[in-house]
Number of protein chains: 2
Amino acid sequence: MADQVDRILEQWQAEKPELDVSPMAVIGRLSRTALAVDSRLAVTFARYGLDASVFDVLATLLRSGAPYRVSPAALARDAMISSSAVAQRLNKLQSRGLVSRAANPDDGRGTLVALTEAGRRLIDAALAPHVETERTLIAGLSREEQATLVGLLQRISAAAAHDT
Amino acid sequence: MADQVDRILEQWQAEKPELDVSPMAVIGRLSRTALAVDSRLAVTFARYGLDASVFDVLATLLRSGAPYRVSPAALARDAMISSSAVAQRLNKLQSRGLVSRAANPDDGRGTLVALTEAGRRLIDAALAPHVETERTLIAGLSREEQATLVGLLQRISAAAAHDT
DNA sequence: TAGCAATGGCTAAGCACTTAGCTATACTAG
DNA sequence: CTAGTATAGCTAAGTGCTTAGCCATTGCTA
């Protein structure tokens with residue numbers, strides 16, 4: 001069953017026969033798979049009035065454990081985005097009443113973001129359905145295949161991080 | 001060697017022990033790996049004054065073969081973006097002199113985008129280094145492991161596309 | 001063949017990210 | 001202690017995407 005990536009590879013083979021484009025089979029499919037997964041996850045998020053970036057912030061706060069307080073810097077590291085992107089996300093979340101900001105008593109520069117009761121309820125409701133959606137995406141893979149996939153992804157991640 | 005995803009899983013285990021979050025190990029790492037790969041590829045693109053989206057358009061034109069003409073609609077399908085995003089990319093590329101637009105003689109509604117000579121030279125120069133970067137990312141995987149990875153990704157892609 | 005839905009391409013407006021640059025607090029070295 | 005540097009958080013400006021909506025042409029159908 002030829003897919004989009006297969007057709008692309010055939011085109012390259014015809015136009016640039018001297019170039020071995022086999023890495024595209026792997027890397028190209030990785031990107032496209034990630035996109036397809038993201039768009040599937042977005043469906044579940046939308047049922048709760050969320051998107052991936054909002055879910056990310058709320059989920060990070062939830063899994064930090066009681067009292068559900070995290071610094072903006074930690075949120076940025078975790079979500080792999082800039083600190084200014086975090087500030088903007090928090091502005092929106094705060095105006096929706098899902099998080100609150102307070103000064104960090106131990107560091108005059110710092111802020112601590114906390115889940116409000118409404119934020120807590122929302123992420124608590126969305127979490128299990130989200131994980132369930134993820135589970136359906138990998139349902140076709142055995143435990144062993146899942147472990148294999150994780151191992152291979154880790155090695156590519158390491159290679160990508162290495163010389164960046 | 002515990003990575004970021006491992007730490008996240010530990011946090012969930014502590015906060016939500018009743019929830020089986022093992023799907024996150026797979027899906028979460030997939031997303032993060034794709035991000036890490038994208039940022040590594042961006043380094044090579046930048047050496048040629050490109051980014052991934054510009055490269056995508058020029059590469060699509062090149063691999064279409066002579067006379068290197070493609071409709072905006074086909075570019076949109078290929079890049080998995082909206083037709084308006086294509087129009088905006090083309091506006092920039094045209095003002096940089098890398099592509100040209102002409103009416104489609106066979107369809108009064110249509111436009112055909114063509115590589116200019118400068119665009120041709122640029123993508124021709126950037127292509128091989130880009131593939132080489134991709135190759136270094138998967139250099140740690142044997143041919144067999146690469147094939148395994150492609151197969152697993154295809155199955156997740158299929159699952160994601162299935163009920164979207 | 002006239003009418004109407006579908007297709008192709010575009011601009012406008014809105015949104016979320018980026019980098020640049022600001023302020024304030026904390027750390028470190030002389 | 002004080003000067004210089006690093007850290008934390010923020011806003012402003014710029015970029016590239018999205019959806020909404022427009023116009024022109026095509027193709028189907030009654």
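These numbers come from a predicted model, not from an experiment. Lettering follows sequence order; numbering is per chain, from 1.
- Using a 4.0 Å cut-off between a side-chain N of Lys or Arg and a carboxylate O of Asp or Glu, A/D124 and B/K16 qualify as a salt bridge.
- Of the charged side-chain nitrogens involved, none lies within less than 4.0 Å of a carboxylate oxygen, so that B/E10 and B/R7 do not count as a salt-bridged pair.
- Rounded to whole Å, atom C1' of C/dT18 lies 12 Å from atom CG of B/D51.
- Comparing D/dA24, C/dC17, D/dT18 against the side chain of B/S82 picks out D/dT18 as the nearest.
- A salt bridge is absent between B/R32 and B/D3; no separation between the charged side-chain nitrogens and carboxylate oxygens falls under 4.0 Å.
- Between the C1' atom of C/dT18 and the CG atom of B/L35 lies a distance of 14 Å, rounded to the nearest Å.
- Between the side chain of A/Q88 and the main chain of A/S84, a donor-acceptor pair closer than 3.5 Å is present.
- Remark on DNA chain D: of its neighbouring residues B/K92 and A/A87, the 5'-side contact belongs to A/A87, judged by nearest-heavy-atom nucleotide.
- Distance, B/L93 CG to C/dC10 P: 12 Å, rounded to whole Å.
- Applying the 4.0 Å criterion to OP1 and OP2 of D/dT11, one finds that A/N91 has a side-chain N or O inside that range.
- Separating the CE atom of A/M80 from the P atom of C/dC17 is a distance of 13 Å, rounded to the nearest angstrom.
- Regarding A/L75, its CG atom lies at a distance of 10 Å from the P atom of D/dC10, rounded to whole Å.
- Atom CG of B/D38 is separated from atom C1' of C/dC17 by 15 Å (rounded to the nearest Å).
- The phosphate of D/dG9 (OP1 or OP2) has no side-chain N or O of A/R101 nearer than 4.0 angstrom.
- Rounded to 10 degrees, the angle separating the terminal axes of the helix from C/dT1-D/dA30 to C/dG30-D/dC1 is 20°, with each axis obtained from five end pairs.
- When rounded to the nearest whole Å, the span between CZ of A/R89 and P of C/dC15 equals 16 Å.
- Nearest to the side chain of B/D107, among C/dA16, D/dT25, C/dG9, sits D/dT25.
- The A/S83 side chain lies nearest to D/dG9 when the options are D/dT11, C/dG9, D/dG9.
- A/T33 and B/S157 share a donor-acceptor pair across their side chains, judged by distance under 3.5 Å alone.
- Between the side chain of A/Q146 and the backbone N or O of A/L141 there is at least one donor-acceptor pair closer than 3.5 Å.
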Pairs under 3.5 angstrom, nitrogen or oxygen only, protein versus nucleotides 12-14 of chain C, please.
none

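- A continuous path of ILVMFWY side-chain contacts below 4.5 Å connects A/L9 to B/I138, so both sit in one hydrophobic cluster.
- We find that B/D20 and A/R143 are joined by a salt bridge, their nearest charged nitrogen and carboxylate oxygen being less than 4.0 Å apart.
- Spacing between atom CG of A/D106 and atom C1' of D/dA8 amounts to 14 Å, rounded to whole angstrom units.
- For B/T111 and A/I81, each mapped to the nucleotide of DNA chain C holding its nearest heavy atom, the one lying further toward the 5' end belongs to B/T111.
- Using a 4.0 Å heavy-atom distance criterion, A/N104 is classed as making no nucleic acid contact.
- For the residue pair B/R101/B/N91, the side-chain donor-acceptor check at 3.5 Å is satisfied.
- An OP1 or OP2 oxygen of C/dC27 is reached within less than 4.0 angstrom by no side-chain nitrogen or oxygen of A/R109.
- Within the 4.0 angstrom heavy-atom criterion, base atoms lie near A/A85.
- Not one N or O on the side chain of A/D107 forms a donor-acceptor pair closer than 3.5 Å with the backbone of A/N104.
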